[in-house]
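Structure record follows, encoded as structure tokens.
We're numbering straight along the sequence, starting at 1. Quantities reported herein were computed from a predicted structural model and do not represent experimental measurements. Side-chain atoms are counted along with the backbone in the values below, which use heavy atoms only and exclude waters and symmetry mates.
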Amino acid sequence: MEGNIDKNERASSGRSRRLILIFVLLATNLITIGLLLRRSGGPANRTDDSLLSPTRVFFDPKDLIINIQPLRNDLNKIGENKNLSIYFEFLNTGA
């Protein structure tokens with residue numbers, strides 16, 4: 001008889017742990033989505049820029065470098081030093 005009580009207690013304890021875990025995961029997901037939407041200013045307007053990456057709304061446009069030619073010129077000047085090696089790769093994130 002005591003064995004059945006222990007099994008029932010363990011089963012209800014396992015269920016409550018699962019419910020707590022589901023609640024915590026749901027709450028953290030909602031908080032994360034809220035923070036991302038507040039930071040990005042809302043979802044992207046699909047009519048204007050439907051061919052651009054949908055992830056671009058998560059980045060502030062002021063943080064993106066559009067013209068990399070001045071950076072390339074500076075890196076070429078730095079790279080003239082024979083004791084220094086620089087590797088630079090530009091990955092276009094607009095598509």
Side-chain angles (χ1 to χ4, degrees):
M1 188 81 171
E2 289 179 20
N4 288 340
I5 294 172
D6 290 341
K7 288 181 184 177
N8 289 339
E9 287 177 8
R10 277 189 246 139
S12 66
S13 174
R15 284 187 202 118
S16 64
R17 286 181 184 167
R18 278 189 224 132
L19 286 175
I20 291 171
L21 179 64
I22 289 171
F23 176 74
V24 168
L25 290 175
L26 183 62
T28 56
N29 286 341
L30 291 174
I31 290 170
T32 302
I33 289 170
L35 290 174
L36 287 174
L37 288 177
R38 184 172 57 169
R39 180 172 180 228
S40 67
N45 186 357
R46 298 276 181 203
T47 58
D48 294 0
D49 18 303
S50 62
L51 298 178
L52 296 178
S53 173
T55 60
R56 68 181 180 76
V57 298
F58 298 115
F59 303 104
D60 186 11
K62 297 175 193 167
D63 293 338
L64 299 177
I65 299 174
I66 303 300
N67 183 8
I68 63 166
Q69 189 59 44
L71 175 63
R72 182 179 291 136
N73 293 339
D74 290 343
L75 290 176
N76 284 334
K77 288 178 190 174
I78 294 171
E80 291 173 356
N81 184 351
K82 300 297 180 194
N83 297 324
L84 180 67
S85 176
I86 295 177
Y87 177 77
F88 174 76
E89 184 173 340
F90 174 69
L91 300 175
N92 190 356
T93 58

Checklist line | Point-to-point distance, once rounded to the nearest 0.5 Å, from OG1 of Thr32 to CG of Leu37 | finding: 11.0 Å

Note to self: Please say yes or no: joined through hydrophobic side-chain contacts below 4.5 Å, possibly via intermediate residues, are Leu25 and Leu30 part of one cluster?
What the structure shows: no

Note to self: Assess, by modelled atom type and distance only, whether the side chains of Asn76 and Glu80 contain a donor and an acceptor separated by less than 3.5 Å.
What the structure shows: no

Next item on the list: State the CG-CZ distance between Leu19 and Arg17, to the nearest 0.5 angstrom.
Entry: 12.5 Å

Next item on the list: Check whether Ile20 and Leu26 end up in the same hydrophobic cluster, where Ile, Leu, Val, Met, Phe, Trp and Tyr are linked by side-chain heavy atoms less than 4.5 Å apart.
Entry: no

Notebook entry, point to check: For the residue pair Asn83 and Asn81, what are the closest heavy atoms and their distance?
Noted result: N-OD1, 3.0 Å

